[in-house]
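For this chain, numbers begin at 1 and follow the sequence in order.
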Amino acid sequence: MAFDVLPGLGSPMRRLEDPRLLTGGGRYMADAAAPGALQAVFLRSPHAHARVVAIDAAEARAMPGVAAIITAEDTRALGHNPSVTEIKDQAGRRHIEPPRLPIAPGRVRHVGEIVAMVVAETLAQARDAAEAIIVEYDPLPAVVRGDDALLPGAPLVHDEAPGNLVCDWHKGDASAVDAAFAAAAHIARVSFRSPRILAGYIEPRGALAQWEEAAQRVTLTTPSQGVHLLHRILCDHILNIPRDRLRVVTEDVGGGFGPKLPPYPEQALSVFAAMTLKRDVRWVQDRSEHHLADTHARDLVATASLALDAEGRFTAIRVEGVANFGAYVSTVNPTIPTGGMAKVITGLYAIPAAHLHLRCAFTHTAPVDAVRGAGKPEALVLLERLVDQAARDTGRDPVALRRLNLVDSFPHATPLGYRYDSGDYPALMDAVLGRTGDAGYAARREASLARGLRRGRGFACHLHGSGGWGTETSGVTILPDGTVEARTGTQSQGQGHATAYAQILAARLGLDPTLVRIVQGDSDRIARGGGTGGSSSTIISGATMTRAADTLIEQGRDAAAEALEAAPIDIVFEAGAYTIAGTDRRITLLDLAQRMGGMAASADFADTVETWPTGIAIAEVEVDPETGAITLDRFAAAIDAGLVVNPMLLGGQLHGGYAAGIGQALMEDARYDEDGQMQAATLMDYAMPRAGDFPDLDWVSVPTPSPNNILGIKGVGELPTNGAPAAIANAVIDALAADGVTHIELPMTPARVWAALAGRR
């Protein structure tokens with residue numbers, strides 16, 4: 001791919017943060033120096049559902065080095081960890097949300113739930129003490145599948161939620177959908193159960209709570225996706241302390257993907273222990289704790305139907321499903337399987353009517369929340385499988401059927417109330433077909449067949465509705481030494497924010513991007529911010545920094561006029577300098593800042609968070625019918641991410657996002673057995689894609705600027721994850737349809753593929 005190598009927006013500048021990170025300069029949570037800190041270990045339930053009859057910690061408390069054993073009895077004053085989004089049923093009743101306390105009193109509701117916290121001088125001492133605690137449990141029946149939890153007589157998760165129902169949620173016009181289905185020439189139907197997945201970030205979670213005796217406050221250092229939400233919920237809801245008694249800091253973060261956004265019990269308990277003991281307290285998560293206790297994603301079972309008229313145009317879509325919320329209502333989960341699906345369920349297609357009905361259920365499993373894609377990958381698997389099924393049912397070409405139904409004018413209002421901002425969907429289809437050797441596909445398929453293999457091709461017309469909170473105040477300061485300090489309330493977890501934001505500011509101010517230093521992740525230094533989520537960071541911070549830069553430039557006009565001995569009206573700013581119009585008399589922005597002793601400006605977010613990045617992906621697979629093994633042979637995509645700040649960063653987001661989707665399609669499964677025991681508690685049992693599973697990614701940008709923000713950019717981080725599972729699922733079924741296989745559950749493991757083929761032999 002050829003790039004414009006000129007500096008500024010659109011240039012493929014290498015990441016500014018990488019030299020520091022690659023030479024050991026990263027400041028991850030476990031790197032934070034804390035000499036003398038106490039070490040924390042959490043004792044977790046081995047049962048999915050049980051009454052805690054008694055806890056005997058006398059022996060553990062007497063062991064060497066033990067500073068405290070903290071149980072539910074000690075944390076009675078701590079409060080509920082609330083969700084910050086909500087859904088309502090047709091009667092307008094808010095979802096049911098039982099208390100979620102740092103240590104649940106009297107009853108555990110999933111394997112891995114905290115029963116006690118041990119704090120000791122060394123990690124070994126804390127571990128020994130945890131093993132010495134005797135907990136008497138009364139095991140109770142458990143339920144792990146959402147649809148099973150809603151059956152009569154299922155074990156009850158919370159007394160506050162009869163029948164385990166969180167909410168009976170509807171969206172759309174059921175009458176219009178019923179009428180369209182009654183008049184349809186054909187109706188296609190698919191059902192599937194989406195597997196649970198884990199985030200699998202390189203850096204697990206952790207917390208370092210440092211007691212400040214003079215200020216009588218705690219500084220919590222923790223890897224997060226934004227300090228402000230965490231700070232607010234910890235202070236206002238869980239710890240019940242004034243906000244000035246807690247500072248929250250996030251430095252470098254080794255991956256987030258969603259589960260590092262919610263506040264967790266371990267963070268609250270670490271702060272509580274530090275305040276109680278007046279000592280520093282450190283906890284670093286191990287990998288099994290991540291699998292057992294961090295939020296999961298994607299747990300959905302659903303049936304979808306698509307109505308077509310005689311010409312093949314889509315007239316309505318209907319989805320009925322059950323979303324598994326796990327044991328508690330997590331921070332943003334109410335709107336993940338519900339609103340997340342609603343945003344994308346009509347896809348890139350002009351479908352005039354839609355209705356969704358999801359029953360949300362409590363189960364004895366880890367809570368579910370946002371992981372990259374946040375409700376959209378499973379929705380798009382349903383939609384794109386429907387389109388392929390409709391093509392098979394009616395004898396139509398899947399490409400031609402998609403082309404016939406693509407949205408072709410913007411803005412486009414969906415039947416579920418969303419407004420697509422811009423795009424050129426036919427151009428995306430043309431572009432992606434040009435990247436995959438479309439004309440040679442038939443020959444490749446025959447060649448595979450000659451070798452006893454099955455080749456298939458699958459499409460995914462996918463999109464994302466960027467979200468998150470636009471509660472941002474960005475500050476830009478030019479220091480006298482020429483350094484530009486930019487403060488942001490979003491939080492990088494490896495995406496390259498320091499580079500993207502530097503390019504945006506440098507382009508606006510006419511400066512070298514290497515002069516820009518990004519400040520983030522500090523509740524004391526950053527006025528406010530919504531953190532990073534919903535693929536919105538560059539939309540929020542990029543646009544708001546741009547406005548702050550414009551304010552700074554305007555504020556400098558009078559000082560520049562004075563320095564140049566001219567009227568302010570005659571001063572123009574371009575290429576990093578103030579100039580008297582029509583002359584060569586000028587003063588650079590940096591010289592002016594030095595003359596003024598520094599310059600500073602700030603701005604609040606004033607754009608629209610929502611944008612609609614889109615893409616069309618094609619996956620080409622070979623399947624060995626003797627073993628069920630799938631080889632992903634080709635993968636290509638055409639992408640519309642609006643104005644591209646840095647194509648290298650865009651390429652990185654696409655590679656990572658498609659890899660995540662490939663894992664979901666082919667191997668990732670955070671499964672429980674019927675008793676609620678996690679069967680994928682380590683990476684020995686939870687498969688994630690490796691380099692050998694992933695072919696070269698061929699992609700092309702087909703941008704249309706978004707009118708929703710001043711830069712014309714669109715969020716992209718979750719877009720590829722939304723598309724890959726559908727493309728691969730369709731490719732595998734396309735490969736096996738001639739053998740009579742039209743359905744395989746995700747992940748499409750060799751065992752499942754082999755069993756599906758064996759059942760047709």
Side-chain angles (χ1 to χ4, degrees), residues 172-173 176-177 180 183-186 188 306-317 342-354 376 379-380 382-391 394 396-436 438 458-466 608 610-618 636-644 699-708 712-716 719 722-723 726-727 730:
D173 188 336
V177 170
H186 180 75
L306 180 67
L308 295 81
D309 66 16
E311 285 73 42
R313 295 192 181 277
F314 306 154
T315 59
I317 187 169
K343 279 187 173 184
V344 301
I345 195 60
T346 56
L348 275 58
Y349 309 115
I351 305 177
K376 301 167 190 72
L380 288 163
L382 280 170
L383 174 63
E384 289 299 295
R385 284 186 58 188
L386 270 176
V387 176
D388 267 23
Q389 187 63 46
T394 61
R396 289 181 166 90
D397 176 74
V399 173
L401 185 59
R402 286 177 168 84
R403 282 191 186 276
L404 177 66
N405 287 282
L406 291 176
V407 171
D408 59 6
S409 64
F410 297 89
H412 170 75
T414 78
L416 294 173
Y418 301 97
R419 185 179 173 88
Y420 297 173
D421 50 356
S422 66
D424 187 342
Y425 300 167
L428 288 172
M429 182 64 82
D430 291 339
V432 74
L433 287 171
R435 312 293 290 196
T436 56
D438 181 52
F459 293 82
C461 295
H462 56 292
L463 73 163
H464 184 75
S466 57
T608 299
E610 190 173 82
T611 63
W612 295 92
T614 52
I616 299 181
I618 301 180
I639 298 296
D640 176 4
L643 178 139
V644 176
W699 65 275
V700 61
S701 175
V702 186
T704 61
S706 172
N708 291 350
I713 55 182
K714 301 177 181 178
V716 76
L719 173 68
N722 294 351
N730 280 344

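Taking each heavy atom of Ala460 and Gly723 in turn, the nearest pair found is CB-O, 3.2 Å. For the pair Glu610 and Asn708, the tightest heavy-atom approach, listed with the atom from each and the gap, is O-ND2, 2.8 Å. The two residues Ser706 and Thr611 have their closest heavy-atom pair at OG-CG2, 3.6 Å. Scanning both residues, Asp421 and Pro707, for their nearest heavy atoms gives CB-CD, 3.6 Å. Trp699 and Arg435 get closest at one heavy-atom pair: O-NH2, 3.3 Å. In this structure, Pro613 and Gly715 approach most closely via the heavy-atom pair CG-O, 2.6 Å.
A heavy-atom distance below 4.5 Å is found between the side chains of Leu463 and Tyr420. Within the 4.5 Å cutoff, the side chain of His464 has no heavy atoms near those of the Val344 side chain. Residues Leu643 and Ile713 have side chains in contact (heavy-atom distance under 4.5 Å, counting atoms from C-beta outward). Looking at heavy atoms from C-beta onward, Lys343 lies in side-chain contact with Trp612 at the 4.5 angstrom threshold. Side-chain contact between Ser701 and Ile639 is absent, with no heavy atoms from C-beta onward closer than 4.5 Å. Using a 4.5 Å heavy-atom cutoff, the side chains of Pro415 and Thr346 are in contact.
Under a 3.5 Å cut-off, the side chain of Ser422 and the backbone N or O of Pro705 do form a donor-acceptor pair. Distance alone, capped at 3.5 Å, is enough to place a donor-acceptor pair between the Thr414 side chain and the Leu416 backbone.
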Please assess Ile351 against Leu306 for the test side chain to side chain contact (heavy atoms under 4.5 Å, CB included), listing each intermediate value before the final yes or no. CA-CA 9 Å; Ile351 305 177; Leu306 180 67; 4.2 Å; yes

Going through the checks in order, is the side chain to side chain contact (heavy atoms under 4.5 Å, CB included) test met by Leu348 and Ile616? CA-CA 9 Å; Leu348 275 58; Ile616 299 181; 4.1 Å; yes

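Side chains of Thr704 and Lys714: a donor-acceptor N/O pair is present below 3.5 angstrom, by distance only.
Separating the CG atom in Leu401 from the CG atom in Leu406 is a distance of 9.5 Å, to the nearest 0.5 Å.
Counting only residues at least two apart or on different chains, the side-chain hydrogen bond (donor to acceptor under 3.5 Å, both in side chains) pairs with a member in residues 400-411 are Tyr349-Arg402, Glu384-Arg402, Asp388-Arg402, Arg403-Asp430.
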Cut-off 3.5 Å, no hydrogens considered: what does the side-chain donor-acceptor table look like for residues 308-317, sequence neighbours left out?
from   : atom 1 : to     : atom 2 : distance (Å)
Asp309 : OD1    : Glu311 : N      : 3.0
Asp309 : OD1    : Gly312 : N      : 3.0
Asp309 : OD1    : Arg313 : N      : 2.9
Arg313 : NH1    : Leu404 : O      : 3.0
Thr315 : OG1    : Ala307 : O      : 3.3

